2 protein chains.
Amino acid sequence: MQIITGDLLTHYIEQYPIDDYFSFDIRPYMKVCLFEKGEWIFKEGSYPDTMYYMVEGKAKLYVTHKNGKVSLIEYIEAPCFMGEIELLNEARYTKGIQTVARTICLSIAVHECREKLLADAIFLRRICVFLGEKATAVTAKYTQNQVYPLENRLAAFIQLSSDQGIYKEKHTEICEYLGVSYRHLLYVLAQFCEENILEKTKKGYRIINDKRLGELAQEIL
Amino acid sequence: MQIITGDLLTHYIEQYPIDDYFSFDIRPYMKVCLFEKGEWIFKEGSYPDTMYYMVEGKAKLYVTHKNGKVSLIEYIEAPCFMGEIELLNEARYTKGIQTVARTICLSIAVHECREKLLADAIFLRRICVFLGEKATAVTAKYTQNQVYPLENRLAAFIQLSSDQGIYKEKHTEICEYLGVSYRHLLYVLAQFCEENILEKTKKGYRIINDKRLGELAQEIL
DNA sequence: TTCAAAATATGAGATATCTCACATTATTCT
DNA sequence: AGAATAATGTGAGATATCTCATATTTTGAA
């Protein structure tokens, strides 16, 4: 992690004003941080004393289970908060957050302005909305996971994440996200090829029957 | 649903003061409601204009999927809020909430004091903490669901919900909560009996090998 | 008390998904 | 460039879980 100063600092602060997230001047407590791809913003199990507001980039929220298996809970995309739950509940064990791409965050030194934040209705309201949406999204994802086979969920995911009709994501990551084994993900992808829904190319999987894919996805929502 | 007035009203208001959840006097906006067992507090898909604070009782939070399957997302137990997300995001489709027992709630007419609530740091902070805990709990439950077989999760659930060494819950409800079919739940219960961990009696399943049950549960946490 | 609805129970067969072992490519780092 | 690491790909066999059909028992309401 790298702290940005000088011209770049003013650049980011100007480009992403977060003044209207607070009723007081947050700048004295704020820094701008840069995380390289693959860096951990929070190490799982640590007790962070910084809250971040991601303005550029993308990351993954992880939890590791006792049996060693790992769940990729959700993708975190700018703009969003990180470490807000830890701000509320002092000294709380955190989940792991790892960047997927170079990521820029505004960081707020919580110990310096905790009281101010917790008394700030504007800020708190934002956090409420954010937490509410997060809870709703996570719930939706996981209830679907347990009610639909991978066939449907993968179809929906491909439609969501494909670009120009090409699906090209890392299998190792997606199987964690969809909560299935690597092996099984490949089985279902192979099945989609078998059924002429996808076609495997050098550049990724090309969608050749979007209608059918949509039908499979639609059974979810 | 029945609105309580008279002596009972003052009784509940005195017994469960929620003044310290607000920085202003909430009583003008508040009523006390009683729901019978099995009643729906929110009908799924409706747009409620009331927020509740449950002070006595217990309920289930449901979502119905397109394919007709139903997920019991969580048990809601007093004290807690309901309809808080709808307060934040105006006019939001709600999930279903059904009581499991006679339940008493303080109700707040949102349309009359929405602005006041959304500007109240004390209230908002409570909601933040509540939402944060809820998100954490739901995430934990569902990531476990997908990483552990029913054997482990059921063991943990039995330890949690049994009373005096007796497990006695409705199978129809628990299979929805644990996200498995009724059939499969019965299989695993039978297996526990087979392995002399439980014993089926008229009053419910009696735990006869708590140590083993603990081992199975412990693999989770 | 009786009847309908809900809950419990069980079998048989299907399938969605997992584990493990191993081989083959890409990527990254030095 | 070469070596190490990560990602991809596939087979075989196991198992966790589901669907459906059907029978019995319990519960709740008229």
Side-chain angles (χ1 to χ4, degrees), chain A residues 36-39 60 65 67-72 98 100-102 142-155 167-195 198-205 216 219-220, chain B residues 36-39 60 65 67-72 98 100-102 142-155 167-195 198-205 216 219-220:
Chain A
E36 292 296 342
K37 173 176 174 174
E39 249 190 284
K60 294 178 288 185
H65 299 271
N67 63 2
K69 291 194 188 176
V70 169
S71 295
L72 200 185
Q98 184 184 33
V100 199
R102 171 179 283 225
Y142 282 108
T143 55
Q144 283 169 12
N145 270 9
Q146 91 185 164
V147 162
Y148 294 97
L150 182 61
E151 184 179 37
N152 300 116
R153 286 144 52 208
L154 180 59
Y167 169 78
K168 176 143 195 49
E169 301 284 330
K170 270 202 206 135
H171 300 333
T172 43
E173 214 170 280
I174 301 314
C175 66
E176 281 175 348
Y177 179 66
L178 295 173
V180 297
S181 68
Y182 182 86
R183 189 67 189 87
H184 190 54
L185 174 60
L186 281 240
Y187 267 136
V188 177
L189 280 170
Q191 175 196 320
F192 282 179
C193 292
E194 182 68 26
E195 294 166 357
L198 299 180
E199 181 191 31
K200 196 169 165 182
T201 74
K202 268 160 279 171
K203 316 199 159 185
Y205 290 80
L216 288 170
E219 286 177 35
I220 295 185
Chain B
E36 294 296 342
K37 173 175 173 176
E39 250 189 283
K60 296 178 287 185
H65 298 272
N67 63 3
K69 290 194 189 175
V70 169
S71 295
L72 200 185
Q98 184 183 32
V100 198
R102 171 179 282 226
Y142 282 108
T143 57
Q144 283 168 13
N145 270 9
Q146 90 184 163
V147 162
Y148 293 98
L150 182 61
E151 183 178 38
N152 300 114
R153 286 146 50 209
L154 181 58
Y167 169 78
K168 176 142 193 51
E169 301 284 331
K170 269 203 209 133
H171 301 332
T172 42
E173 214 169 282
I174 302 312
C175 67
E176 280 177 349
Y177 180 65
L178 294 173
V180 297
S181 68
Y182 181 88
R183 190 67 191 85
H184 190 53
L185 174 60
L186 281 243
Y187 268 135
V188 177
L189 280 170
Q191 176 196 321
F192 282 179
C193 293
E194 183 67 26
E195 293 165 358
L198 298 180
E199 182 193 29
K200 196 167 163 181
T201 73
K202 268 160 278 171
K203 316 196 160 189
Y205 290 81
L216 287 171
E219 287 178 35
I220 295 185

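Computed over heavy atoms, backbone and side chain alike; hydrogens, waters and symmetry mates excluded. On a predicted model such as this, the values are computed, not experimentally measured, just so you know.
Distances from the side chain of B:Tyr187 to the nucleotides C:dG11, D:dA12, D:dA16 place C:dG11 closest. Listed nucleotides: D:dC18, D:dT17, C:dT10. Nearest to the side chain of B:Ser181: D:dC18. In this structure, the nucleotide among D:dA12, D:dG9, D:dA7 sitting nearest to the side chain of A:Lys170 is D:dA7. Of the candidate nucleotides D:dT17, C:dT8, C:dG11, C:dT8 has the atom lying nearest to any side-chain atom of B:Tyr182.
Using a 4.0 Å heavy-atom distance criterion, B:Lys37 is classed as making no nucleic acid contact. Residue contacts for B:Lys69: at a heavy-atom cut-off of 4.0 Å it reaches the sugar-phosphate backbone alone, with no base atom in range. Residue-level contact check: A:His184 touches the bases, meaning some heavy atom is under 4.0 Å from a base atom.
Closest heavy-atom contact between B:Leu198 and B:Leu189: CD1-CD2, 3.9 Å.
In this structure, CG of A:Leu178 is placed 16 Å from P of C:dA16, rounded to the nearest angstrom.
The shortest distance between the side-chain N/O atoms of B:Thr172 and the OP1/OP2 oxygens of C:dT8 is below 4.0 Å. For D:dT8, the OP1/OP2 oxygens have no side-chain nitrogen or oxygen of A:Lys200 closer than 4.0 Å.
The nearest heavy atom of DNA chain D to A:Tyr205 and to B:Leu150 marks one nucleotide each, and the one closer to the 5' end goes with A:Tyr205.
Between the side chain of B:Gln98 and the backbone N or O of B:Gly38, at least one donor-acceptor pair lies under 3.5 Å. Counting only distance, with no hydrogens or angles, the side chain of A:Arg153 and the backbone of A:Tyr148 share a donor-acceptor pair below 3.5 Å. Judged by distance alone, the side chain of B:Glu195 and the main-chain N or O of B:Phe192 form no donor-acceptor pair under 3.5 Å.
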